[in-house]
Amino acid sequence: MLKGKRILLIVAGGIAAYKCLELIRRLRDEGVRVRAILTEAGAQFVTPLSLASLTGDKVYTDLFSLTDENEMGHIRLSREADLVVVAPATADLLAKMAAGLSNDLATTALMATDKPVLVAPSMNARMWSHPATQRNLAQLDADGILRIDPAHGGLACGEEGVGRMAEAAQIRDAIANYFASSERLKGVRALVTSGPTFEAIDPIRYIANRSSGKQGHAIADACARLGAEVTLITGPTSEPDPHGVAVLHIESAAEMIAACDRSLPVDMAFCAAAVCDWGVAETRPNKIKKVDGGEPPAIKLIPNPDILAHIVDAGNRRPRLVVGFAAETDSVIDNAKAKLARKNCDWIVANDVSGGTMGGTDNRVHLVTQSGVEDWPRLDKREVARRLVNRAASVLAEQAQ
Ligand code: CTP
């Protein structure tokens with residue numbers, strides 16, 4: 001499965017660098033072409049000669065070496081790979097990646113690459129749990145960097161804790177998993193709606209809801225990671241645009257339905273947006289002034305179009321799988337079942353939003369389909385997204401058979 005793949009391996013300065021030798025050997029045994037960049041600190045732990053012998057290729061070390069630039073510039077080096085693997089990824093290198101620094105060959109290649117990056121961190125346990133490292137990891141997550149977390153165990157410094165780099169065999173498996181999953185939804189087009197909508201009252205004020213867009217954005221991200229071509233149509237949120245996703249930013253339900261309509265046909269649609277049920281009948285062009293002692297203005301609301309229903313009713317443009325969401329505060333399952341029937345979609349992902357779910361990082365959902373109800377445990381919204389999208393991928397694959 002790995003045969004013919006090309007990996008750019010970046011070896012930074014950590015004691016775990018010795019494990020990358022075993023990793024290269026395993027990958028080469030499976031027919032992978034490995035090119036290595038060795039940082040200056042990395043060269044304190046393994047020699048260019050050992051890397052060159054194992055990769056069977058030149059080892060790249062210096063950003064400003066004219067010979068290297070002539071033979072293989074850092075841009076080409078980073079592009080002529082299917083995956084970039086950083087092992088070991090030190091706290092320092094992770095910080096540079098999170099900040100976007102590029103002051104040596106490794107960091108410049110990481111900035112220049114258009115390929116996915118998998119990091120295998122390795123460091124002292126306190127460095128791992130330090131708020132700065134955790135902040136950097138969160139940033140790298142948001143940037144779409146893949147990671148194989150360090151394990152708990154005895155560390156080279158004599159302490160014990162989390163920080164020990166994954167073993168070569170585990171990194172090899174993570175690489176194999178990446179290649180297997182990155183093509184699962186190849187050729188599949190996905191549409192995802194996310195976030196709230198804003199219904200303008202006047203140029204200053206609007207009606208909205210508490211949706212953070214976390215769940216919808218995580219779904220778009222999960223689709224892209226499986227190789228789908230994704231369009232995310234989102235209301236205003238503070239979530240960053242997911243990596244590798246075409247994002248259309250809209251405000252109102254009217255803008256969202258127009259953008260969705262333009263994006264059809266697609267193979268699957270996830271309507272995770274919390275669309276305002278009502279818009280403002282007449283948005284005032286100028287700020288409504290509060291005249292002292294005057295009556296508060298009466299705002300007339302009108303129903304917004306149902307975007308999910310529009311997608312379901314799109315005739316021959318109807319996606320093969322349409323997933324709706326049901327944010328409920330009571331009778332969650334009964335309401336979700338009724339919504340599945342009423343909206344005529346394929347699945348409803350129901351959740352109880354009476355607690356802190358809206359805006360929170362976790363979600364406890366119930367997947368309601370024609371075949372019944374599945375209660376999922378409380379999970380991080382990204383994990384909910386991964387499971388949901390994997391399930392959708394299986395359904396599409398079954399339909400294709
Ligand atoms: N939805 C939509 N367009 C709307 C309203 C809802 O596309 N104007 C979609 C949501 O994205 C979600 C599903 O419909 O996937 C259910 O939304 P929800 O707000 O839970 O249900 P409503 O249809 O608004 O019904 P109610 O408010 O009575 O629960």
Side-chain angles (χ1 to χ4, degrees), residues 138-139 141-144 190-224 229-264 266 269-288 297 299-311 323-329 349 351 353-363 365 380-382 384-385 388-389:
Q139 181 60 55
D141 274 351
D143 293 346
L191 171 66
V192 183
T193 70
S194 183
T197 62
F198 281 13
E199 309 298 329
I201 296 170
D202 68 9
I204 319 293
R205 307 175 179 95
Y206 57 83
I207 297 172
N209 56 63
R210 293 181 193 276
S211 168
S212 65
K214 281 197 170 68
Q215 189 62 81
H217 278 57
I219 291 168
D221 183 59
C223 290
E229 199 183 299
V230 191
T231 304
L232 171 66
I233 299 174
T234 177
T237 80
S238 53
E239 287 296 295
D241 289 353
H243 195 73
V245 168
V247 186
L248 303 176
H249 295 271
I250 53 83
E251 286 212 340
S252 64
E255 289 167 358
M256 184 174 271
I257 197 167
C260 284
D261 192 70
R262 281 196 304 273
S263 305
L264 293 178
V266 293
F270 297 87
C271 295
V275 184
C276 286
D277 288 320
W278 304 283
V280 176
E282 269 178 57
T283 299
R284 309 279 185 92
N286 301 317
K287 183 184 173 193
I288 305 171
I299 296 164
K300 186 168 181 251
L301 300 178
I302 49 166
N304 267 334
D306 192 312
I307 298 165
L308 176 61
H310 181 76
I311 292 173
V323 183
F325 287 71
E328 307 288 347
T329 53
V349 180
N351 61 357
V353 289
S354 51
T357 298
M358 275 191 152
T361 53
D362 296 347
N363 207 354
V365 305
D380 184 283
K381 286 181 178 171
R382 284 173 299 192
V384 171
L388 197 60
V389 172

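Here the OG1 atom belonging to T361 is positioned 6.0 Å from the CG atom belonging to D380, to the nearest 0.5 angstrom. For the atom pair CD1 of I219 and NZ of K214, the computed distance is 14.0 Å after rounding to the nearest 0.5 Å. Within the model, atoms CD1 of I307 and OG1 of T197 stand 7.0 Å from one another, a figure rounded to the nearest 0.5 Å. Here CG of L264 is found 9.5 Å from OG1 of T231. Values are rounded to the nearest 0.5 Å. Taken to the nearest 0.5 Å, the CD1 atom of I299 stands 4.0 Å off from the CD1 atom of I201. To the nearest 0.5 Å, atoms CG (D306) and CD1 (I257) are separated by 7.5 Å.
The shortest side-chain heavy-atom distance between T329 and V353 falls under the 4.5 Å cut-off. A 4.5 Å side-chain heavy-atom check between P236 and E251 finds at least one atom pair inside the cut-off. Put simply, the side chain of V280 reaches to within 4.5 Å of the side chain of L301, judged on heavy atoms. No side-chain heavy atom of P242 sits under 4.5 Å from any side-chain heavy atom of V230. Between D277 and P303, every side-chain heavy-atom pair lies at or beyond the 4.5 Å cut-off.
With a 6.0 Å radius and a threshold of 12 heavy atoms from other residues, nucleotides or ligands, H249 has its NE2 atom above the threshold. No more than 12 heavy-atom neighbours from other residues, nucleotides or ligands sit within 6.0 angstrom of CZ on R284. For E229, the CD atom counts as loosely surrounded, since its 6.0 Å shell holds 12 or fewer non-hydrogen atoms of other residues, nucleotides or ligands.
The backbone N or O of V365 sits nowhere less than 3.5 Å from a side-chain atom of N363 that would complete a donor-acceptor pair. Distance alone, capped at 3.5 Å, is enough to place a donor-acceptor pair between the K381 side chain and the G360 backbone. For the pair T193 (side chain) and A272 (backbone), a donor-acceptor distance under 3.5 Å is present.
With 3.5 Å as the limit, one finds no donor-acceptor pair spanning the side chains of Q215 and N351.
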*Before giving the answer on side chain to side chain contact (heavy atoms under 4.5 Å, CB included), spell out for H217 and D221 the whole-Å C-alpha distance, their side-chain angles and the decisive distance to 0.1 Å.*
CA-CA 6 Å; H217 278 57; D221 183 59; over 6 Å; no
_For D141 and R382: C-alpha separation, side-chain torsions, deciding distance, then whether side chain to side chain contact (heavy atoms under 4.5 Å, CB included) applies._
CA-CA 11 Å; D141 274 351; R382 284 173 299 192; 3.4 Å; yes
*Step-by-step side chain to side chain contact (heavy atoms under 4.5 Å, CB included) determination, L191 to I311*: CA-CA 10 Å; L191 171 66; I311 292 173; 4.0 Å; yes
